[in-house]
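To start, the structure itself, in structure tokens.
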Amino acid sequence: MIPATQRGTVVAGLCVDFGSREQPTRIVRDATFTIAPGTTLGLVGESGSGKSTIGAALIGLLAPGLRMTGSVALDGTELIGRDETELAAIRGTEVATVFQNPFRALNPSIRVGAQIAEAMVVHGLATKDEARERAIELLAETGLPKPATAARAYPHELSGGMLQRAVIALAVSCEPALLVADEPTTALDARVQARILDLLDRLVAEREMAMLLISHDLGVVAKLAQQVAVIYSGTIVEYGPTESLLTAPRHPYTQALLAAWPRVDADRSRRLRTIDGPAAPATSKLAGCRFASRCPFALERCRKETPVLEPPEGHSAACWVANAPQGAL
Amino acid sequence: MTASPPLLAIDGVRKGFGSRRRSAGETTWALDDVTLDLNAGETVGVVGESGAGKSTLGRCILGLETIDTGRIRLDDRDLGRGGRDRRAIRAQIGVIFQDPYSSLNPRWTLEHSVAHPLIVGGRDRRPARALARQLLDDVGLPKEYARRHPVELSGGERQRVAIARALALEPRIVVCDEPTSALDVSVQAQIVNLLLDVQARTGVAYLFITHDIAVVRAVSDRLVVMRAGRIVEQGPCASVLSSPTDDYTRELIAAVPVPPPLKEDYP
């Protein structure tokens, strides 16, 4: 039995580097967050911000040449420092993943049910016969109307939405502590997306999994996540409860991102807010706040000293301006 | 709206794909009896899910597909016929595609990409290039970009080039097929604003095809909702979104997750 204090996903000081060990190039800086069992953390950012790299780090699937340091504990099991054999055992049982494109996530030449069953057999959780039965149960649990038929189907015989349900069934088959969902509904139509989001929400609650939901879509994050982390240029710049973060953002980047989000109820005549200048590449070495060059509020200090995110309790922003005492500026 | 004829009139258009067994009545229509007007200077948003026929509609207007029945007329001239002045009519309709990585020739400079429709249209090279540089400037790209190649550009910058090229022949209509779907939110906002600015300056009409209901709200005067090749609802954008009459439209709008409203405006 895992002590209650260790349950969930605890990520502390996670850094991802590449290049030489003497002079590494850092692409994820000091990511720190926790995800309690049965809850979802939404990780929001734009292309190249490092959100998918964090997801890959958490499942031990970083691209060759990338190294991670810090600590990633899944229900008390440390991920960092493991070799590939140990990671293979952890993957599936401690952490599993759902990617954007379900057609690429599955082997096109193996029946869907067999792929789900294989994971359970490999991890020694079931015999072949049990696993086959269990695969059909899992497909039923994900809401596929004819689970036995779906289990016998090849991936190309199912629609994108049905196949994403099958991928989710596969992901949860070995009861992982953490589910990393990287843009799980981005390739799907709105109505299918809504149903897949409902499914993920239900599975997280029923199975008491932690979920890291990586998305560029603030609406998707608003719907599923209890906590949100906003990542910019490889750094988490704001962290907090979803409602508070999305309605009263504190970091200027989050404010700009939310103001740029087109809203169905908006006045047609109002132009969308944009963010001036190019995003700082996550690889660039910069002193101070990485958003300073684009920030309308930047102070002298912002360009020199790196603001830090307070330990993630409550709602915090890595910003000198936002954290200045009232009236100090 | 005035009683003057619309700029573009789409009337009872049908389009089917693949082998057709008409006798058995089994044809699935990518477009089925689509009737729609586009007036000068306005934006009509076309929304729907994959396979609804949105892009096929755009491609039929552009002449990239032939229609099976019905008529598409620009200023009362039939686009399907055209005859000798077909090219002149077509030049009045520009296009911006979704993927700026595949819509620009990687081996051409940006200046050449933008000048190309002008040169094909019979302009001399030198003035065509000069105009291309002006167009690149109009869409907010720095001067030195004229000599660059697409590989040196971000997705948002490429889409600016695509917009410049679409405007080169001074079209009266631009078909925008998911022009911001491949872009990040902050870049999407820049491109949407640019399209709005261009429209204010030139009076071009947009047919704005997207799956994103929130984006369509930002640009459209009128909204068309498509499903399985048919138009299920159309009307003023605000009223379709706030009080849809069709069940499918209602379901589609309800399915889109939205972030809660901001407590204050950010500058």
Side-chain angles (χ1 to χ4, degrees), chain A residues 44-49 159-160 185-195 197 215-224 228 242-249 252-279 294 296-297, chain B residues 43 45 47-52 140 154-157 180-197 200 210-221 223 227 236-238 240-242 248 251-267:
Chain A
V44 174
E46 296 186 284
S47 317
S49 59
S159 69
T185 59
T186 305
L188 305 174
D189 275 324
R191 292 179 308 157
V192 181
Q193 162 170 285
R195 292 194 284 267
L197 293 178
S215 183
H216 72 286
D217 189 327
L218 299 166
V220 165
V221 166
K223 184 166 173 175
L224 288 200
V228 176
T242 306
E243 175 74 19
S244 163
L245 191 142
L246 292 182
T247 60
Y253 172 67
T254 317
Q255 293 174 353
L257 192 68
L258 281 159
W261 192 255
R263 290 165 192 270
V264 176
D265 51 1
D267 177 2
R268 150 102 159 98
S269 62
R270 222 177 54 190
R271 288 162 56 92
L272 295 170
R273 164 77 197 268
T274 59
I275 308 177
D276 292 336
R294 306 172 81 189
F297 313 108
Chain B
T43 300
V47 295
E49 295 179 308
S50 336
S154 69
E157 289 170 335
T180 63
S181 303
L183 306 176
D184 273 321
V185 184
S186 61
V187 182
Q188 164 174 282
Q190 291 169 4
I191 297 299
V192 164
N193 288 346
L194 173 61
L195 288 170
L196 294 173
D197 291 345
T210 181
H211 69 283
D212 188 329
I213 285 177
V215 169
V216 101
R217 175 75 188 98
V219 296
S220 303
D221 303 301
L223 189 60
R227 181 188 196 183
C237 191
V240 171
L241 289 178
S242 61
Y248 175 75
E251 207 185 324
L252 200 61
I253 294 168
V256 180
V258 289
L262 286 165
K263 286 200 175 127
E264 52 182 297
D265 270 344
Y266 295 95

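The model shown is predicted, which means the values in this text are computed figures rather than measured ones. Chain identifiers are assigned alphabetically (A, B, ...) following the order of the sequence lines, protein sequences preceding nucleic acid strands; residue numbering begins at 1 within each chain.
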Any chance you could measure [X], atom [atom1], to [Y], atom [atom2], to the nearest 0.5 Å?
{"X": "Ser186(B)", "Y": "Leu272(A)", "atom1": "OG", "atom2": "CG", "answer": "11.0 Å"}
{"X": "Gln188(B)", "Y": "Thr274(A)", "atom1": "CD", "atom2": "OG1", "answer": "12.0 Å"}
{"X": "Asp276(A)", "Y": "Gln190(B)", "atom1": "CG", "atom2": "CD", "answer": "7.5 Å"}

So, for [X] and [Y], which heavy atoms are closest and what is the spacing to 0.1 Å?
{"X": "Ala255(B)", "Y": "Ala190(A)", "result": "CB-O, 3.6 Å"}
{"X": "Leu246(A)", "Y": "Leu262(B)", "result": "O-CD2, 3.3 Å"}
{"X": "Ala189(B)", "Y": "Arg273(A)", "result": "CB-O, 3.2 Å"}
{"X": "Pro260(B)", "Y": "Ala222(A)", "result": "CD-CB, 3.8 Å"}

Between Asp212(B), Leu241(B), Val215(B), the one whose heavy-atom pairs under 4.5 Å with chain A are most numerous: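 Max contact count across the listed options: Val215(B).
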Non-neighbouring partners of Glu46(A) that pass salt bridge (charged side-chain N to carboxylate O under 4.0 Å, His left out), sequence neighbours left out: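 Glu46(A): no salt bridge (charged side-chain N to carboxylate O under 4.0 Å, His left out) contacts found.
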Proximity breakdown for Pro249(A) and chain B, heavy-atom pairs closer than 4.5 Å: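 Backbone plus side chain of Pro249(A), per the 4.5 Å heavy-atom cut-off to chain B.
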Arg217(B) vs Pro262(A) side-chain heavy atoms within contact, under 4.5 Å: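 With C-beta onward as the side chain, the pair stays apart.
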Under-4.0 Å salt bridge between Arg271(A) and Asp197(B):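 A salt bridge links Arg271(A) with Asp197(B).
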